[in-house]
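Please read the structure below before turning to the comments.
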Amino acid sequence: MGHFQPCKGRNSESPREHGGRKRLRIAIDGPAGAGKSTVARKVADILGYTYLDTGAMYRALALKALRQGLNPADEAEIQQMLAATDLDVELAPDGQRTFVDGIEFTQDIRTPAVSQAASDISALSVCRHFCVDLQRALADRQSLVLDGRDIGTYVLPQATVKFFVTASLEIRARRRYEEMLQKGENGNYEDVLLDMQQRDYNDSNRALAPTKQAEDAILIDTSGRPVD
Ligand code: DC
């Protein structure tokens with residue numbers, strides 16, 4: 001864990017994209033259900049930049065662990081798994097596709113079981129290294145709008161603009177619950193709220209790169225505010 005250091009200065013190395021346009025990194029961090037991905041997608045769309053959903057990476061690794069019957073909180077088991085894991089994201093204009101060992105995981109990672117396992121696995125330092133290396137490599141190549149928990153504080157501390165997007169726990173749970181209903185899934189509001197509370201606690205209290213507003217981030221509370 002000692003070698004888990006912020007990557008200072010990295011983003012100033014190559015400030016232009018191919019074609020001469022200034023390379024931008026827009027970091028959108030915050031807790032689950034705050035509206036990060038909706039806003040990030042829209043911002044990327046309006047500005048003509050690519051959107052990277054970093055949570056999908058942790059979700060994909062969590063799903064592989066679950067499918068292999070591993071404990072997503074067990075560092076030794078997960079370290080072994082990662083040594084034999086090829087994680088890839090395809091940043092297509094019509095949405096991000098996530099692949100593990102050549103198999104597409106894009107749809108299957110959106111379940112409550114995977115959400116919880118992703119929260120557990122993302123607390124492990126081996127897992128964070130694995131995902132952060134990939135995130136920085138992608139951000140070295142192109143302009144990105146990234147959403148996550150630690151983009152502004154750890155992954156890209158020199159991001160061009162940083163936002164911390166949040167909303168009350170009840171509102172975030174209500175949004176997630178309504179999304180489930182729209183998708184025709186079963187569930188009840190109280191369970192969604194409790195899951196979200198648990199995940200908030202895990203993600204904000206872990207030792208490594210917890211969910212946290214960067215000092216230079218702009219705070220946006222989306223409670224009661226429309227997406228636009
Ligand atoms: O944003 P999401 O719900 O898809 O993220 C799933 C989990 O991954 C979340 O509980 C915390 C973790 N995560 C993280 O630790 N760092 C990120 N940059 C993104 C997600």
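Note that ligands are numbered from 1 as they come in the structure, with each ligand's atoms numbered from 1 the same way.
Y51 and D147 share a side-chain donor-acceptor pair at under 3.5 Å.
Closest to atom 12 (C) of ligand 1 among all protein heavy atoms lies S122 OG, 3.5 Å. What sits closest to atom 13 (N) of ligand 1 on the protein, heavy atoms only, is Y58 CD1, 3.6 Å. Scanning the protein heavy atoms around atom 4 (O) of ligand 1, the nearest turns out to be R59 NE, 2.6 Å. When only non-hydrogen protein atoms are considered, atom 19 (C) of ligand 1 lies nearest to T54 OG1, 3.4 Å. Protein heavy atom closest to atom 16 (N) of ligand 1, with residue, atom name and distance, is R128 NH2, 3.1 Å. Nearest non-hydrogen protein atom to atom 11 (C) of ligand 1 is D203 OD2, 3.4 Å. Nearest protein neighbour of atom 7 (C) of ligand 1, counting heavy atoms only, is A118 CB, 3.8 Å.
Put simply, the side chain of R175 never gets that close to the backbone of E178: no donor and acceptor are under 3.5 Å apart. Side chain of R59 to main chain of A118: no donor-acceptor pair is present (N/O by atom type, distance under 3.5 Å, no hydrogens or angles). A donor-acceptor pair under 3.5 Å is formed between the side chain of E75 and the backbone N or O of V126.
The shortest N or O to N or O distance between D53 and ligand 1 is not below 3.5 Å. In terms of N/O distances under 3.5 Å, ligand 1 is not approached by Q135. Geometrically, ligand 1 and D150 share a nitrogen or oxygen pair separated by less than 3.5 Å.
Heavy-atom contacts of R199 reach the following atoms of ligand 1: 3 (O), 6 (C), 7 (C), 9 (C), 10 (O) (cutoff under 4.0 Å). If you number the atoms of ligand 1 from 1 as listed, the ones under 4.0 Å from a heavy atom of G55 come out as 4 (O), 5 (O), 19 (C), 20 (C). Interface of S119 with ligand 1, defined as ligand atoms under 4.0 Å from a residue heavy atom, comprises 10 (O).
Checked for salt-bridge contact, K42 and D228 meet the test: a charged N lies under 4.0 Å from a carboxylate O.
In this structure, CD in Q79 is found 8.0 Å from CG in L82, a value given to the nearest 0.5 Å. Expressed to the nearest 0.5 Å, how far OG1 of T166 lies from CD of Q213 amounts to 9.0 Å. For the atom pair CZ of R206 and CG of L124, the computed distance is 10.0 Å after rounding to the nearest 0.5 Å.
In the displayed structure, R67 atom CZ is contacted under 6.0 Å by more than 12 heavy atoms of other residues, nucleotides or ligands.
Between E179 and the options R176, K183, Q182, a side-chain hydrogen bond (donor to acceptor under 3.5 Å, both in side chains) holds for only R176.
The shortest separation from a heavy atom of R206 to ligand 1 is under 4.0 Å, placing the residue in contact.
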Can you give me every donor-acceptor pair (side chain of residues 29-40, partner residue at least two apart or in another chain, under 3.5 Å) with its distance?
from	atom 1	to	atom 2	distance (Å)
D29	OD1	R149	N	3.2
D29	OD1	D150	N	3.2
D29	OD1	I151	N	2.9
D29	OD2	I151	N	3.2
D29	OD2	G152	N	2.8
K36	NZ	G30	O	3.0
K36	NZ	P31	O	2.9

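Residue contacts with ligand 1, taken as heavy atom pairs separated by less than 4.0 Å, do not involve M57 at all. In A32, neither the side chain nor the backbone holds a heavy atom less than 4.0 Å from any atom of ligand 1. By the criterion of a heavy-atom distance under 4.0 Å, both the backbone and the side chain of R149 are placed next to ligand 1.
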